[in-house]
Protein chains: 2
Amino acid sequence: MASIKDVASRAGVSVATVSRVLNEHPAVRPETRTRVLAAVASLGYRPNAVARSLRTDQTRALGLVISDVLNPFFTELARSVEDEARALGYSVVIGNADEQPALQDHHVRTLIDRRIDGLLVSPTDGGSPMITETAREGGTPMVFVDRWIPGLDVPVVRTDGTAAVRDLVAHLHALGHRRIAVIAGPAATTTGSERVEAFRQALGEYGLPLPREYVGQGDFQAASGRRVTAGFLDLARPPEAIFATDNLMALGAMDEIRARGLRVPDDVALAAFDDIPWFLHTAPPVTAIAQPTGELGRAAVRALVDRIEGRTAHSVTLTARLVVRRSCGETGDGGETGHTDETERSSR
Amino acid sequence: MASIKDVASRAGVSVATVSRVLNEHPAVRPETRTRVLAAVASLGYRPNAVARSLRTDQTRALGLVISDVLNPFFTELARSVEDEARALGYSVVIGNADEQPALQDHHVRTLIDRRIDGLLVSPTDGGSPMITETAREGGTPMVFVDRWIPGLDVPVVRTDGTAAVRDLVAHLHALGHRRIAVIAGPAATTTGSERVEAFRQALGEYGLPLPREYVGQGDFQAASGRRVTAGFLDLARPPEAIFATDNLMALGAMDEIRARGLRVPDDVALAAFDDIPWFLHTAPPVTAIAQPTGELGRAAVRALVDRIEGRTAHSVTLTARLVVRRSCGETGDGGETGHTDETERSSR
DNA sequence: CTGAAAGCGCTTACAG
DNA sequence: CTGAAAGCGCTTACAG
C-alpha cells in the first residue's frame, strides 16, 4: 500500500506538506495542494490510521462491551450506538460478553490495548476487575449504559422502569392475577436486581406477596428462562402469571410453556421487560415494557464523547413504558394500548 | 499509561529485553525474565497494540461488513464469527451496512484504513467500488460470506438453499396452494436473485407459473416486506401463499396481514427463508428454511485466516433445510418436522 | 543472553 | 508557505 512518502515524492513535496494537505491545514499554497491531491488520487493513497493513531494518541474508535449480542435489545442498542458514533466521527468496536464476566474482561482488556478513545459498557456482573480498575484509574473515559456498577464515578445512561413495572402490576391485578412470579436476572447486575425490586414493591402496594419460590434466578439468557419456568410449573401451587425480566427469558418461558402443551394466558399469563418487534406476532402477542432503546444508545455515545473531548458528561435516565397486548388476559378492548408507533418500530 | 520504557527502566534492562520477554522470545535469562515480569505487574503495563501493529504490519483484527445487524440471521453470523476469530487469536470489528451500498463502502474504507488483517463481507449490492477494488488489488485478504459478487477471485462461504426451496414448493403444492408469490431481495445480491430463481425453477417442476405480479421487489428489510405484501393482497387475484426470502420481510408480511385482520394460513400461507427462534412462537409457527448459521460464520473465519496466514483458502457451500411448521396449512401430523434441535437453538 | 539502533507511517513544533 | 527533524511505542536484525 502506498505510504505518505510515495505521495510526497510523486508530488515533489515533503511528507510534511502532504500531511498538511491531508489534514486540511490552511497554510498550503493552492497549487501545491492540487499537486498533492493529484498524487493521492493517482496512487489511490489512503492514510494509515494505525500510524496516525500512534502519533496523535487518539484512535477515533469507541469500544462497546455488551452483555449479549443475540439479545435483540442489545442489538438495537449497538446499532444506535454505531449510528450516533459515526455521526460524530467515531467508529465503534463491539465486544460481546455473552453474560460471562471473564469474556467481558477479555474484551475490555483488548479494547484498552487497542487504545480506543472511550468505552461504553453494560456490565455483565457487579465486580469485574478490569472495569473497576479502568473506572478508578480514569485512563480511558468510560460510560455505563443500561446496566451500571454502583460506587464508581462513571456516568450512567439508563432507563428507569419503575413506573412501567407498577403499571404492569396494576394490569395483572386488574385481570385478577394474584399468584405472580418473576424470572430475575443476575442479582449482581443492576437491571437484574432493580426490576425485581420494583416488581416486589408494586406487588406490595396491592398487598400481594412475592414468596421466595416465586422468584426464579435466571441469567438473562433463554435457557435460564426455560429452566426457571419449569420450576414454577412444577410447584404445588404454580403462579398464575410470570414476569420475565428480559425478552430472551420470556422466549425460554414460552418454549417451556409450549413444550408442556399449556397456553398463554389461559394457563399462565406472561409479560416481559424489553419489547421487540416479534412480540406483536407471538401467540398471543406479548405484553411488554418498552425501553427507548435508540435514544438510550445515542445519549450514551453523546455522554462518552463529551468525556473524551473534555466536556463534562452527565448521567441520563430515560423512562420505560408498558405496552399492553394479550399475554396476560383479555382487557376490555382486547387491543393494544400505550403504543403509537408499532408499525414504525417493527418495520425498520 | 506506562510504556515499555517505563518497564525497562524499572527492571533495569533495555526495551529490547522487555519486548523479548513480552513476546516469549526464548533467549532471555530466567532471572531477567522474572525481573521484567515483576516490573510489568507493578506498573500494570499493557503493550500498546497500536504501536505493535505499526511495527509488525499486522493488527490481529478482522473486519466483518454485514448487510443488517438488526437481522437475527446476521446477528447470529456475527456472533459465530467473533467466537471463531477469538479462538484463533483475532478480534473482529463489525460494520453494519444497513443494506446501503454507500454505508457499506464507508465501512470497507474505514476498516482498510485501520489496516485490519482481513475482511469478511456479505455484500449489500452487486457493484460496490471499494469491494471490487479491494478484491482486484488483493491488498487486504477478503472472503465473502452468505452473499457474494460473481466474477471476483474471492473465496465464498455460503449456503445452498436450492434443495430446501424445492422441498418448500413440494410442501406448498401438497397443501393445495397453486397461486404462490415471492418477496424477493435486491436483485443485485446473489441471495436476492438465487432464492427467487430456485423458487421459480421448483414451481416450474410442478407446472406452476410465477407471474410478474407475484414477484415483489423487497430489500431484505421489514418495511419492504410489508409494502410488497400489501401489493399482493390488493391484487384482483391475490396469492394463496407468500414466500418471503428473509426473516425480516416475513415480519413485515405478518405486520401487513395482521393489520388487515387476515389470518395465516387460512387467508394466506407464509413461509420464510432463514429460521429464527421466534418462528416457533408466532401465530402460527412459521415454516422456514434454516441455514447452518454458526457453521457458516466459523467456516468463513477459517477461510479468511487461511488466506491471511498464507495458506490457500477454499470456498465452502453448506446446505439449508426446510423446517415445516404450520404457517402454510395443516400437514398430516400437524407438528414440526426436519428439526431435531429446536430446544437447543432457541435456548442459547 | 543483552543492548544500541533503525524503522514502521504518520504529525507537528520549529526554522526559515 | 514549506521542509528537516523529532518522536509516538513498539520489534528485530545486528553486534558483541
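The structure presented is a predicted model; accordingly, all values stated were derived computationally and were not measured. A note on names: the letters A, B, ... follow the listed sequences, proteins ahead of strands, and every chain is numbered from 1.
A:M1 places its CE atom 14 Å from the C1' atom of C:dC8, with the value rounded to the nearest Å. The distance from atom CG of A:D57 to atom P of C:dT12 is 11 Å, rounded to the nearest whole Å. The distance between atom CG of B:L22 and atom C1' of D:dT11, rounded to the nearest whole Å, is 11 Å. D:dC8 atom C1' lies 12 Å from atom CZ of A:R115, rounded to whole Å. Distance B:R35 CZ to C:dT2 P: 8 Å, rounded to the nearest Å. Rounding to whole angstrom units, CG of residue A:L54 and P of D:dT11 are separated by 12 Å. In this structure, CZ of A:R55 is placed 16 Å from C1' of D:dC10, rounded to the nearest angstrom. In this structure, B:K5 places its NZ atom 14 Å from C1' of C:dA4, rounding to the nearest Å.
For A:T32 and D:dT2, the shortest distance from a side-chain N or O to OP1 or OP2 is below 4.0 Å. Side-chain nitrogen and oxygen atoms of B:N23 include at least one within less than 4.0 Å of the OP1 or OP2 phosphate oxygen of D:dT11.
For A:I4, taking side-chain heavy atoms from C-beta onward, the closest of the listed nucleotides D:dG9, C:dG9, C:dC1 is C:dG9. You'll find that the side chain of B:A51 is closest to D:dG9, out of D:dG9, D:dG3, C:dC10. For A:V28, the side-chain atoms get nearest to D:dT2 when compared with the rest of D:dT2, C:dC8, C:dA4. Comparing C:dT12, C:dT11, C:dC1 by their closest approach to the side chain of B:R29 singles out C:dC1. Of the listed nucleotides (D:dT2, C:dG3, C:dC10), C:dC10 has the atom at the smallest distance from the side chain of A:S3. Comparing C:dC10, D:dC1, C:dG3 against the side chain of B:V13 picks out C:dG3 as the nearest.
At a cut-off of 3.5 angstrom, the base of C:dG3 holds at least one donor-acceptor pair with the side chain of B:R20.
No contact: B:S53 has no heavy atom under 4.0 Å from any strand. In this structure, A:V50 reaches neither bases nor backbone, as no heavy-atom distance under 4.0 Å exists between it and the strands shown. Base contact: A:S19 has a heavy atom under 4.0 Å from a base atom.
Heavy-atom nearest nucleotides on DNA chain C were determined for A:V15 and for B:H25, and the one closer to the 5' end corresponds to B:H25. Each of A:T56 and B:P30 was matched to the nucleotide of DNA chain C holding its nearest heavy atom; the match closer to the 5' end belongs to B:P30.
For the residue pair A:R115 and A:S53, no side-chain donor N or O sits within less than 3.5 Å of a side-chain acceptor on the partner.
Under a 3.5 Å cut-off, the side chain of A:N23 and the backbone N or O of A:H25 do not form any donor-acceptor pair. Between the A:S67 side chain and the A:S122 main chain, a donor and an acceptor come within less than 3.5 Å of each other. For B:T134 (side chain) and B:M130 (main-chain N/O), a donor-acceptor pair under 3.5 Å exists by modelled atom type.
Residue pairs satisfying the salt bridge (Lys or Arg N to Asp or Glu O under 4.0 Å) criterion with at least one member in residues 97-110 of chain A, sequence neighbours excluded, are listed as follows: A:D98-B:R79, A:E99-A:R147.
For B:D57, the CG atom is loosely surrounded, since the number of other residues' heavy atoms within 6.0 Å does not exceed 12.
For DNA chain C, the stems formed by at least three consecutive Watson-Crick or G-U pairs, with both atom-pair distances below 3.5 Å, span C:1-3 with D:14-16, C:5-12 with D:5-12, C:14-16 with D:1-3.
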If you look only at distance, which donor and acceptor atoms sit under 3.5 Å apart when one is on a side chain in residues 33-41 of chain B and the other is two or more places apart or in another chain?
{"residue": "B:T34", "atom": "OG1", "partner": "B:P30", "partner atom": "O", "Å": "2.8"}
{"residue": "B:R35", "atom": "NH1", "partner": "B:A11", "partner atom": "O", "Å": "2.7"}

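The pair B:R136-B:E133 fails the salt-bridge criterion, with no side-chain N (NZ, NE, NH1 or NH2) lying under 4.0 Å from an Asp/Glu carboxylate O.
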